[in-house]
Amino acid sequence: MEISYEEYRDLKRRIEELEREQAKAKVLPMKRWAYQVNELPIDTIRLSENIGSIPFFRYSQEARETWEIFLKLAKHVNKRITPYEEAKIYGPGELTYCYNWSKKSHDEIPKKCEDLTYEEQKLSIEMLNELIPIYNKYFKLAHPEICIIYRDEKRQFVSVEDV
């Protein structure tokens with residue numbers, strides 16, 4: 001079977017186009033999203049070490065609870081919105097149109113990160129890169145120090161170090 005040069009060029013161009021689409025369609029696994037964002041959300045305050053008799057506390061990003069909330073938000077921004085359908089309304093003497101929610105579908109939030117397209121995942125990660133620093137800023141403002149309660153009920157407030 002022989003093909004012309006033009007057919008060969010068209011087939012080669014189509015293969016390159018399909019390879020580009022396939023590369024775009026690759027899904028980033030959820031565990032990798034943590035590596036895609038610039039910083040993780042602060043979840044709590046942890047004791048880092050004792051320097052002599054002075055305890056040293058730091059903000060911690062190790063727990064997953066806050067991260068999972070941000071993941072839900074990242075999926076929620078890409079929810080599938082129910083389309084509106086044109087409907088006929090017969091009024092007195094004339095036919096008019098209005099738009100109603102489609103009864104065929106309903107708003108759907110993707111259950112897994114893998115359910116999002118490559119473009120949706122990119123959008124979600126971009127959103128997380130903007131939201132997490134804002135959240136971290138206000139977490140630090142809300143929790144600039146931590147209270148230590150000693151066995152004798154004495155209380156001491158120690159500032160949290162931003163490492």
Side-chain angles (χ1 to χ4, degrees), residues 8-85 99 101-151 154-163:
Y8 167 76
R9 230 179 35 215
D10 289 341
L11 287 172
K12 187 173 180 179
R13 196 174 306 125
R14 180 69 180 139
I15 289 171
E16 289 169 355
E17 183 181 312
L18 288 171
E19 286 173 344
R20 276 193 302 274
E21 286 177 23
Q22 185 179 16
K24 280 185 180 178
K26 286 184 181 173
V27 175
L28 301 169
M30 184 185 99
K31 292 174 186 167
R32 302 272 187 229
W33 278 33
Y35 299 111
Q36 300 291 322
V37 295
N38 296 334
E39 65 181 288
L40 294 172
I42 297 170
D43 201 50
T44 191
I45 297 171
R46 299 237 187 259
L47 177 64
S48 183
E49 59 185 270
N50 284 338
I51 301 172
S53 63
I54 304 167
F56 178 73
F57 291 91
R58 65 176 174 78
Y59 296 106
S60 174
Q61 299 166 322
E62 298 163 9
R64 296 189 47 88
E65 293 170 16
T66 307
W67 173 245
E68 288 171 4
I69 292 168
F70 274 99
L71 279 179
K72 285 180 185 178
L73 187 61
K75 290 184 280 188
H76 201 283
V77 77
N78 289 299
K79 78 177 180 178
R80 313 301 190 249
I81 305 293
T82 302
Y84 281 88
E85 290 183 340
Y99 297 94
W101 286 102
S102 171
K103 293 178 183 154
K104 297 174 189 167
S105 62
H106 59 281
D107 292 357
E108 185 179 310
I109 299 168
K111 290 184 179 15
K112 299 182 212 167
C113 294
E114 292 83 14
D115 294 341
L116 300 173
T117 66
Y118 179 79
E119 287 80 17
E120 290 172 333
Q121 289 188 37
K122 254 175 85 173
L123 176 82
S124 292
I125 290 169
E126 186 178 322
M127 180 191 77
L128 291 174
N129 280 330
E130 289 184 34
L131 289 180
I132 291 173
I134 295 168
Y135 166 82
N136 285 348
K137 172 187 170 185
Y138 284 97
F139 188 95
K140 291 173 185 177
L141 289 173
H143 307 285
E145 56 189 17
I146 190 162
C147 180
I148 302 172
I149 303 173
Y150 295 98
R151 280 181 240 143
K154 179 183 161 204
R155 294 172 183 258
Q156 177 186 5
F157 287 92
V158 178
S159 63
V160 180
E161 300 297 321
D162 189 10
V163 181

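Judged purely by atom type and a 3.5 angstrom limit, Gln121 uses its side chain to pair as donor or acceptor with the backbone of Leu116. Panel note: side chain Asn38, backbone Glu130; no donor-acceptor pair is recorded below 3.5 Å.
Taking OH from Tyr135 and CG from Leu73, the interatomic distance works out to 12.5 Å, rounded to the nearest 0.5 Å. Between Arg13 atom CZ and Leu18 atom CG the span is 13.0 Å, to the nearest 0.5 Å. Remark: Gln61 CD to Tyr59 OH distance equals 11.5 Å, nearest 0.5 Å. To the nearest 0.5 Å, atoms OG1 (Thr44) and CD1 (Ile146) are separated by 7.0 Å. Remark: Tyr35 OH to Leu40 CG distance equals 9.0 Å, nearest 0.5 Å. Once rounded to the nearest 0.5 Å, the distance linking CD of Gln36 with CG of Leu128 reads 11.0 Å.
Scanning for side-chain hydrogen bond (donor to acceptor under 3.5 Å, both in side chains) contacts around Lys140 gives Asp162, with sequence neighbours left out. Residues that satisfy the salt bridge (charged side-chain N to carboxylate O under 4.0 Å, His left out) test with Arg9, not counting sequence neighbours, are absent from this structure.
Closest of all the heavy-atom pairs between Phe57 and Val158 is CD1-CG1, 4.1 Å. In plain terms, the two heavy atoms of Ala74 and Ser124 that are nearest each other are O-OG, 2.8 Å. Scanning both residues, Pro41 and Thr66, for their nearest heavy atoms gives CB-CG2, 3.7 Å. The nearest pair of heavy atoms linking Asn136 to Glu39 is ND2-OE1, 2.7 Å. Taking both residues in full, the closest heavy atoms of Ser60 and Arg46 are given as CB-CG, 3.3 Å, listed atom of the first, atom of the second, then distance.
Annotation for Glu16: atom CD counts as buried by contact number, over 12 foreign heavy atoms lying within 6.0 Å. Shown here is Arg155, whose CZ atom has no more than 12 heavy atoms of other residues, nucleotides or ligands within 6.0 Å.
Put simply, the side chain of Trp67 reaches to within 4.5 Å of the side chain of Val37, judged on heavy atoms.
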